[in-house]
*Asks:* 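The structure follows.
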Amino acid sequence: MKKALVIFSCLVLVLSLSVISVSAAADGYDFVSSAVQVVVNGSIVGEGVVIITESDNIPTANLKWAVSVVLDATETEGVYSVAFVHVGDGNDPAITLEEGQILLGVHSATSDPAQIDQYQNVNGKNAAMALEQGDTVTFTGVDLEAGTVAADATIIAGGNANVDESTPADESTPADESVPAEDESAPADDESAPANESAPANTSDAVSESGENEGGNNTWIYIVCAVAAVVIVAVVVVMVKKK
């Protein structure tokens with residue numbers, strides 16, 4: 001009985017560490033880094049990102065299978081605070097933006113990081129789902145009024161993101177709204193349904209085809225998890241020997 005209790009306690013601790021790791025996954029993540037395309041007030045494509053500034057644009061943004069992050073403006077230009085996160089369920093999200101709010105839509109056809117070779121924005125989707133109320137998201141190089149995304153634009157999650165307010169956004173690159181929306185008949189969460197591959201990555205929108213987290217550094221989390229795992233194993237061994 002004691003052995004079973006020890007093993008159960010160890011499993012609970014391991015699961016707790018996994019939750020901590022997932023929650024921290026969003027910190028420092030650049031949503032531009034893994035998206036095939038970033039547009040303002042357009043329609044999201046497979047493995048892409050969209051930024052919506054008006055409620056009227058939500059029904060045509062193709063958000064049925066995307067993660068929709070509603071953001072509140074803060075006193076700092078370019079920095080927003082997470083109000084809530086809606087995970088797509090196949091229906092148009094019933095979201096109405098209030099004054100000062102914007103919506104960040106993030107899509108991937110899977111939540112499994114092992115499929116990153118096929119679905120390059122899987123890490124972006126998981127980072128969006130890991131965001132919690134009160135987390136910050138910082139935009140640089142994105143002009144919401146002009147609807148432009150600069151070549152060096154970033155959309156970074158986490159309180160450590162900084163905004164250089166002395167550098168204006170690059171308005172030379174218009175948002176590409178000419179790409180057709182993803183086929184809504186293929187649910188994004190169905191890992192057997194490929195994303196719309198007919199919409200190639202738009203290099204002018206400054207998106208990297210690498211799925212790596214270029215903005216975050218969670219090394220310390222893995223170190224803590226490794227140490228905890230060693231401690232757990234040691235406790236189990238000692239308890240078994242005592243028995």
Side-chain angles (χ1 to χ4, degrees), residues 26 29-54 57-71 85-90 92-93 95 102-113 115-131 137 139-144 147-157 173-191 193-215:
Y29 193 88
D30 182 4
F31 292 103
V32 177
S33 67
S34 54
V36 299
Q37 184 186 57
V38 180
V39 297
V40 179
N41 289 325
S43 181
I44 197 169
V45 298
E47 309 304 305
V49 168
V50 66
I51 306 162
I52 302 298
T53 62
E54 300 289 343
N57 296 321
I58 293 178
T60 58
N62 193 23
L63 296 170
K64 291 182 178 181
W65 294 104
V67 179
S68 297
V69 183
V70 176
L71 302 167
V85 177
H86 170 81
V87 179
D89 57 6
D92 286 322
I95 296 175
I102 63 173
L103 184 151
L104 175 67
V106 182
H107 175 270
S108 178
T110 183
S111 301
D112 182 9
Q115 300 188 52
I116 193 170
D117 290 341
Q118 187 175 2
Y119 305 112
Q120 71 178 56
N121 203 30
V122 57
N123 288 339
K125 175 183 179 180
N126 289 336
M129 289 192 296
L131 288 171
V137 178
F139 294 73
T140 61
V142 179
D143 189 323
L144 298 179
T148 58
V149 180
D152 58 351
T154 61
I155 304 174
I156 299 178
T173 307
D176 184 358
E177 298 181 11
S178 60
V179 181
E182 175 196 5
D183 182 1
E184 296 179 356
S185 64
D189 286 336
D190 183 356
E191 296 178 2
N196 183 358
E197 298 179 358
S198 63
N202 187 338
T203 55
S204 65
D205 282 333
V207 254
S208 166
E209 294 192 3
S210 166
E212 299 176 357
N213 184 343
E214 300 174 358

*Asks:* Return the minimal non-hydrogen interatomic distance between Ile52 and Gly42, and the atom names on each side.
*Replies:* CD1-O, 4.0 Å
*Asks:* Apply the test side-chain contact (heavy atoms from CB on, under 4.5 Å) to residues Val149 and Val40: give CA-CA distance (whole Å), side-chain angles for both, the deciding distance (0.1 Å), then the verdict.
*Replies:* CA-CA 8 Å; Val149 180; Val40 179; 4.0 Å; yes
*Asks:* Tell me, with the steps shown, if Asp92 and Ile58 meet side-chain contact (heavy atoms from CB on, under 4.5 Å).
*Replies:* CA-CA 8 Å; Asp92 286 322; Ile58 293 178; over 6 Å; no
*Asks:* Which atom names give the shortest non-hydrogen contact between Tyr29 and Ser34, and what distance separates them?
*Replies:* OH-OG, 2.6 Å
*Asks:* Is there a side-chain contact between Val32 and Val49, using heavy atoms and a 4.5 Å cut-off?
*Replies:* no
*Asks:* Do Thr148 and Asp143 meet the criterion of a side-chain donor-acceptor pair at a distance under 3.5 Å?
*Replies:* no
*Asks:* Kindly give the heavy-atom pair with the smallest separation between Gly141 and Ala153, and that separation in Å.
*Replies:* O-CB, 3.7 Å
*Asks:* Roughly how far apart are Asn57 CG and Leu103 CG, rounded to 0.5 Å?
*Replies:* 10.5 Å
*Asks:* CG/Asn41 to OG1/Thr53 distance, rounded to the nearest 0.5 angstrom?
*Replies:* 3.5 Å
*Asks:* Between CD1 of Ile44 and NE2 of His107, what distance do you get to the nearest 0.5 Å?
*Replies:* 7.0 Å
*Asks:* If you take all heavy atoms of Ser108 and Tyr119, which pair is closest and at what distance?
*Replies:* OG-CB, 3.8 Å
*Asks:* Taking all atoms of both residues into account, what is the closest heavy-atom pair of Phe31 and Ala128, and its distance?
*Replies:* CE2-N, 3.6 Å
*Asks:* Backbone N or O of Ile155 within a donor-acceptor pair of the Asp30 side chain at under 3.5 Å?
*Replies:* yes
*Asks:* Using side-chain heavy atoms (C-beta onward) and a distance below 4.5 Å, is Met129 in contact with Val87?
*Replies:* yes
*Asks:* Drop me the distance from Asn123's CG to Ser33's OG, to the nearest 0.5 angstrom.
*Replies:* 8.0 Å
*Asks:* Are side-chain heavy atoms of Gln120 and Val36 found at a separation under 4.5 Å?
*Replies:* yes
*Asks:* Evaluate the side-chain proximity of Leu71 to Phe139: yes if any heavy-atom separation is below 4.5 Å, no if none is.
*Replies:* yes
*Asks:* With a 4.5 Å heavy-atom cut-off, do Val50 and Leu63 have their side chains touching?
*Replies:* yes
*Asks:* Looking only at atom types and distance, does a side-chain atom of Glu47 sit under 3.5 Å from a main-chain N or O of Asn121, one as donor and one as acceptor?
*Replies:* yes
*Asks:* List the atom of Val122, the atom of Ser111, and the distance in Å for their closest heavy-atom pair.
*Replies:* CG2-C, 3.6 Å
*Asks:* Would you say the side chain of Ile51 lies within less than 4.5 Å of the side chain of Val39, judging by non-hydrogen atoms?
*Replies:* no
